[in-house]
Amino acid sequence: MAARDIVIPADAGALLIVDLDAIAENFRRIKSVCTDTCVGAAVKANAYGLGAGAVTRTLAAAGCDTFFVATICEGIQLRKTNGQAKIIVLNGPEVRSLDTMRNARLTPTLNSLAQIDILSKNGGNEPARAWLHLDTGMNRLGLNAHDVDALCADPARMDGIDVMAILSHLACADTPNHPMNELQRATFDTLRARMAPLTGAVSASLANSPGIFLGPSFHYDMVRPGAALYGVRPSAQGPNPMVQVIDIYTKILQVRDVDTPMTVGYGAIHRVGGPRRIATLAAGYADGYPRAAGETTGYMESSSMCAYINGKAAPLVGRVSMDLITIDVTDIPTEYCQPGQTVELLGPNVNADSLAEASGTIAYEVLSRLGPRLRVEYRGGAV
Ligand SMILES: *Cc1c(COP(=O)(O)O)cnc(C)c1O
C-alpha cells in the first residue's frame, strides 16, 4: 500500500490497516507447507490485536474450522459469530465455568490433573469433550510424565472425558537447531504412547507457527499457527515466508524549526546539535507504538527507528510519549512536511519484526498491544 493513497481521518490520530486477503494467503501458504495436516488458527488476544471477528470470518472462509483462544470470554465472542467452528479454550476449565463452556460449545483444554478431575466429575450426562495438554518442556501448563503415571495408575479419573486430541507446545521452535525441539518431540511421542490406553488413538498437535517450519515430523495431525498468519516471521533465520498483514499510518500535527541548545520531548534527553526541523506525529504508545522504539535514556545519540514519509526515512528523536512521536524531517522536502501529511509507522519500509527488534521485544507483543484508539480499516477479505 503506498502511503500517498492513505488519508488519516480527521477524527483519528492513526490508522491500522489490516489486509484480510494477506491473512487468507498466509493460511494457504501454511497449508501448502503441511499438506496432510489440518491447520487450526490461534486467534487469542483479539486475534493478536487485529480483530478476532474479521480475522476468524476470513480464516473460516479460507477453510479453517478450528480456533484456539486463551479465555472462555474469547471463546464466547467467537461462538456468537461462528456456530460451526471448533473452539478450543487453552486455559482450561474451572468448576464455575463448566456450564458456560458447555452452553457455548467450547472445548476445554485439560492442563492438569485438577482440571481432569473437574471435568470428569462435572461432565453432565454424556462424556465431555476435551483436548489434553502434555507438558514436554515448557513447564507452564500441561501434564508432565509424573502426572501421566498418576493417570495410568488410576484410569478411572478419565471417566466421563472424551479426549479429542492431545497437544503440546514448543519452547524453542524459532531456533531450528535448538536441541529442545527434538527433545520435546520425543517426549511428546513417549507421553502420548503411555496415554494411548486411556485415550485411544486420538489426534496430535505440536507445532505453533515456527514449529511448522521445523519440518513434517513436527506437523502431526494439526498445526496451530497464530503469528505467521498475521505476517510475523516464524523463524529467526532466513527470509520471511509470510506476507505482511498490517500497516500503521499516522499524520503530522505540527512542524517546527529548532536549534542548539534546545531539546525535544520528555526528560529533555534529545539535544539538538544544530538547526533541525522536527515534525510531531499524532500517535504514541497509547496506540501501541512501543515507547522503547524512541530514545529512552539520553545516552544514545538517536533511536535506530525511523518513520517514513513518501518512502523517505525520518528518524525518531526524543521519547515516544502517550499521544505523540517526534521525528527529524530536516532532510525531507518541505512540501511533504505539512500538517495532515500521512506518515508510515509500519508498512512497506518497517515491519512488525523490525519495529519489535528496535524496541527490545518481539512482534507478538507489538501486535497484541495495538491500542484500542487506533482506527482500524480492513482491506479485502470475504467479509
Ligand atoms: C499462542 C499459541 C499458539 C500459536 O503460537 P504462534 O507462535 O503465534 O503460532 C499455538 N499453541 C498454543 C498452545 C498457544 O498458546
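Whatever order the structure lists ligands and atoms in, that order sets their numbers, starting from 1.
Close contacts between ligand 1 and Ala227 involve ligand atoms 6 (P), 8 (O), 9 (O) [criterion: under 4.0 Å to a heavy atom]. For ligand 1, the atoms lying closer than 4.0 Å to a non-hydrogen atom of Pro210 are 7 (O).
Annotation: atom 7 (O) of ligand 1 to nearest protein heavy atom, Tyr364 OH, 2.6 Å. Nearest protein neighbour of atom 8 (O) of ligand 1, counting heavy atoms only, is Tyr48 OH, 2.5 Å. Among protein heavy atoms, the minimum distance from atom 9 (O) of ligand 1 is reached at Ser209 OG, 2.5 Å. Shortest contact from atom 5 (O) of ligand 1 to any protein heavy atom: Asn208 CB, 3.4 Å.
Residue-level proximity to ligand 1 for Leu90 is carried by the side chain, the only part with a heavy atom below 4.0 angstrom.
Within the 4.0 Å heavy-atom cutoff, Pro234 does not count among the residues contacting ligand 1. Within the 4.0 Å heavy-atom shell around ligand 1 one finds Pro225.
In summary, Lys312 and Asp331 do not engage in a salt bridge, as defined by a charged side-chain N under 4.0 Å from a carboxylate O. For the pair Arg375 and Glu377, the salt-bridge criterion is not met [side-chain N within less than 4.0 Å of a carboxylate O].
Neither side chain, Thr136 nor Thr187, offers a donor N or O lying under 3.5 Å from an acceptor on the other.
Remark: side-chain polar atoms of Thr107 are not paired, donor with acceptor, to backbone N or O of Ile88 under 3.5 angstrom. Remark: the backbone N or O of Arg233 is not paired with any side-chain donor or acceptor of Asp174 at under 3.5 angstrom. Arg379 contributes no side-chain N or O that, together with a main-chain N or O of Val18, makes up a donor-acceptor pair within less than 3.5 Å.
For a threshold of 3.5 Å applied to N or O pairs, the pair formed by Leu167 and ligand 1 contains no separation below that value. Any N or O atom pair closer than 3.5 Å counts here, and Gly226 shares at least one such pair with ligand 1.
Nearest-residue assignment for atom 14 (C) of ligand 1 (options Lys44, Arg224, Met138, His133; heavy-atom criterion): Lys44.
Annotation: Phe188 is in aromatic contact with Tyr220 [ring centroid separation under 6.0 Å].
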Q.
Assess the residue pair Arg277 and Thr334 against the criterion (side-chain contact (heavy atoms from CB on, under 4.5 Å)); give the C-alpha distance rounded to whole Å, side-chain angles, the decisive distance to 0.1 Å, and a yes or no.
A. CA-CA 10 Å; Arg277 191 172 316 124; Thr334 322; 3.9 Å; yes

